[in-house]
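Take a look at the structure below.
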Amino acid sequence: MRTFVILLACLLFISSCNQPPSDEKAAPSDSSTIPPIDGNAIKGHIEKLASDEMEGRAPGGKGEELATTYIADFYKSIGLKTQFQDVPLVGVTATVSPMKFAGKTGNKTLKYKDEFVAWSRREEDTVTIDADLVFCGYGVTAPEFQWNDFKDSVKGKIIVVLVNDPQLEDQSKFGGKAMTYYGRWTYKFEEAARQGAAGALIVHETEYAGYGWDVVRGSWTGEQFDIVRADKGASAVALQGWITKDVATGLFKSAGVDFDEMKKKALQPDFKPIPLDTRASVELKNKLRQTASKNVIGVLEGSEKPDEFVIFTAHWDHLGIGEAQDGDKIFNGARDNAAGTAMLMEIARTATKVEPKPKRSMVFMAVTAEEQGLLGSAYYADHPLFPLDKTLANMNMDSPNVYGRDNNEVQVIGYGYTTLEDILAEVLPKQGRKMIPHTEPEKGSYFRSDQFSLAKKGVPALYMKSTTHEDEMDYTAKRYHKASDEYDPSWDMKSAAADSAAFLEVAVRVANGDQWPEWKPGTECKAIREESLKK
Ligand SMILES: [Zn+2]
């Protein structure tokens with residue numbers, strides 16, 4: 001529990017601590033020669049990894065075999081010490097019955113996928129839920145904000161909660177516009193389990209989720225993975241799911257309350273759970289499949305301190321094969337994250353040519369099952385092959401810039417968290433670019449990719465990319481987590497190559513520097529790190 005409290009405090013701090021960088025901690029400039037990074041080589045890897053042959057790179061299938069072999073063979077070809085880390089996963093394919101609402105004013109049957117999605121982390125053949133629905137606002141317990149949406153017990157009930165964190169008008173809590181971890185769906189299900197609820201249904205609203213219903217539908221149907229857990233998922237809430245806003249509006253109406261009014265109520269600190277006078281029932285028939293997926297790891301040994309590390313991460317996996325969208329059922333994940341993996345590979349190749357050789361070791365890890373909840377990186381963080389207290393920094397690439405447009409700006413996601421960005425701020429002007437904070441802090445992106453798994457354990461972690469607002473909006477609307485996230489031969493990798501070069505230079509400076517990167521003052525992750533370094 002204590003770990004949880006510290007962790008949660010850490011999450012909140014880092015999400016609200018957007019201080020400008022101080023330059024006092026920056027590493028001294030480095031005299032290493034770093035060769036340029038080849039954008040066309042990055043593009044070549046994307047084309048390969050995002051090809052239909054790779055079947056959308058779902059963990060545990062043919063696509064995994066092809067993709068991980070491709071990455072490992074590449075590592076070997078450039079002389080890295082190459083190994084796989086087995087990540088034991090359980091895949092659950094659920095056959096989901098329609099969900100029935102039985103209320104005072106009538107019954108309603110919801111259509112799976114169109115009106116709701118549901119799954120269970122319980123490793124059981126059949127999961128049957130039949131319980132009362134209760135509206136719990138944002139589903140948040142946050143003592144540090146004097147916030148508690150669970151003033152009445154919800155034990156054995158299915159909670160209905162809003163997506164994101166409470167967006168108070170005065171922005172005085174929950175990081176203002178920036179999303180805190182309280183806004184993440186992972187948090188909502190974790191909190192529902194702590195409250196002893198039977199299930200949790202999140203009301204989808206595109207504006208506050210940051211993605212449309214089709215993303216919900218594509219992400220949470222088909223085979224769902226989890227790390228094999230000792231308790232077989234018994235500590236997780238039995239039913240996890242989403243309902244559309246239309247369904248929620250109807251549900252509230254039949255209970256005699258208005259959805260928008262309830263939303264307003266949920267922003268009041270005196271909010272209490274509101275019974276919806278409706279029972280919900282649904283049955284999930286689960287097909288369980290034990291499988292092992294893989295993290296692919298290549299190591300460039302340091303010349304002086306081979307037992308100290310800088311670790312690069314990018315997830316190689318994507319959503320695999322799903323329901324056809326416009327006649328296409330392969331979710332190729334070209335930008336997300338064949339592109340980040342491709343950058344990882346070319347950063348690795350270029351790192352082998354840095355002169356003189358970096359003093360500390362550099363680890364290049366392509367991780368699995370990010371799309372299933374950062375599972376590969378979480379498994380690594382729990383079972384590190386290289387001690388985390390000897391790991392100076394993590395740098396992560398996810399869905400990088402494939403458009404060649406960047407306004408000469410690089411966005412730091414999780415701006416103000418670590419001293420790594422002080423180094424980045426020195427490196428970028430040499431490229432004629434500058435560092436800026438993430439322009440969409442409301443998305444909570446720092447909690448949505450693999451650096452978060454290492455940050456949770458205290459490793460200073462940098463997630464940055466150059467991107468333009470227009471490209472990002474267009475991608476989110478048209479391609480993110482859709483079959484249309486395909487390789488495009490017209491892509492321009494100029495910005496991705498520059499980002500890769502910046503990442504590599506920051507890494508080389510850290511690998512050669514006397515100063516270990518740190519969390520910035522005021523972050524609780526700083527305490528986690530200091531605790532871990534003491535041991
Ligand atoms: Zn991704």
Side-chain angles (χ1 to χ4, degrees), residues 42 45-46 49-50 54-59 63-64 67-68 71 87 179 184-186 209-212 214-216 218-220 222 224-225 293-296 312-320 322 330-345 347 364-381 394-403 411-414 438 440 443-455 461-467 471-472 474-487 491 496 499-500 503:
I42 296 176
H45 297 310
I46 303 175
L49 288 165
M54 298 255 178
E55 297 184 346
R57 304 184 310 282
E64 153 149 12
T68 56
I71 300 162
V87 179
M179 189 198 277
R184 290 287 295 147
W185 55 268
T186 44
Y211 39 80
D214 45 353
V215 171
V216 172
S219 305
W220 281 285
Q224 301 291 306
F225 291 93
S293 188
K294 292 188 199 85
N295 293 331
V296 192
F312 285 90
T313 47
H315 73 89
W316 60 256
D317 68 298
H318 197 59
L319 301 170
I330 300 176
F331 288 61
N332 305 73
R335 186 176 176 218
D336 182 12
N337 187 32
T341 306
M343 271 172 70
L344 177 82
M345 292 164 76
I347 292 172
F364 300 91
M365 180 162 70
V367 295
T368 183
E370 189 269 357
E371 302 293 4
Q372 310 286 339
L374 318 182
L375 298 180
S377 56
Y379 187 83
Y380 177 86
N394 168 231
M395 273 165 267
N396 187 53
M397 277 86 54
D398 195 349
S399 309
N401 187 335
V402 290
Y403 309 110
Q411 301 187 17
V412 173
I413 296 149
H438 190 208
E440 297 175 284
K443 282 188 167 178
S445 303
Y446 197 77
F447 316 119
R448 293 169 61 177
S449 192
D450 296 295
Q451 73 287 330
F452 186 46
S453 294
L454 287 144
L462 177 68
Y463 178 26
M464 61 92 169
K465 62 175 108 174
S466 63
T467 181
D471 285 333
E472 218 50 45
D474 186 70
Y475 176 76
T476 303
K478 296 183 190 152
R479 280 173 285 282
Y480 171 68
H481 282 197
K482 293 181 185 159
S484 52
D485 185 358
E486 300 239 25
Y487 171 72
W491 277 350
D499 292 3
S500 303
F503 263 129

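Side chains included, hydrogens not; waters and symmetry mates left out as well; all remaining heavy atoms used. Order of listing sets the numbers, starting from 1, for every ligand and every atom in it.
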N/O/S atom of Asp398 inside 2.8 Å of the Zn ion (ligand 1), strictly under: yes
Is any N, O or S atom of His315 under 2.8 Å away from the Zn ion (ligand 1)? yes
So, His315 versus Asn396: side-chain donor-acceptor pair below 3.5 Å or not? no
Taking the side chain from Asp485 and the backbone from Tyr480, do they hold a donor-acceptor pair closer than 3.5 Å? no
Does the pair Thr313 and Asp450 meet the rule for a side chain to side chain donor-acceptor pair (under 3.5 Å), with working shown? CA-CA 7 Å; Thr313 47; Asp450 296 295; 5.8 Å; no
What class does the angle between the rings of Trp220 and Tyr211 fall in, given that below 30° is parallel, 30 to 60° is tilted and above 60° is perpendicular? tilted
Residue Asp336 atom name (nearest to the Zn ion (ligand 1); N/O/S): OD1
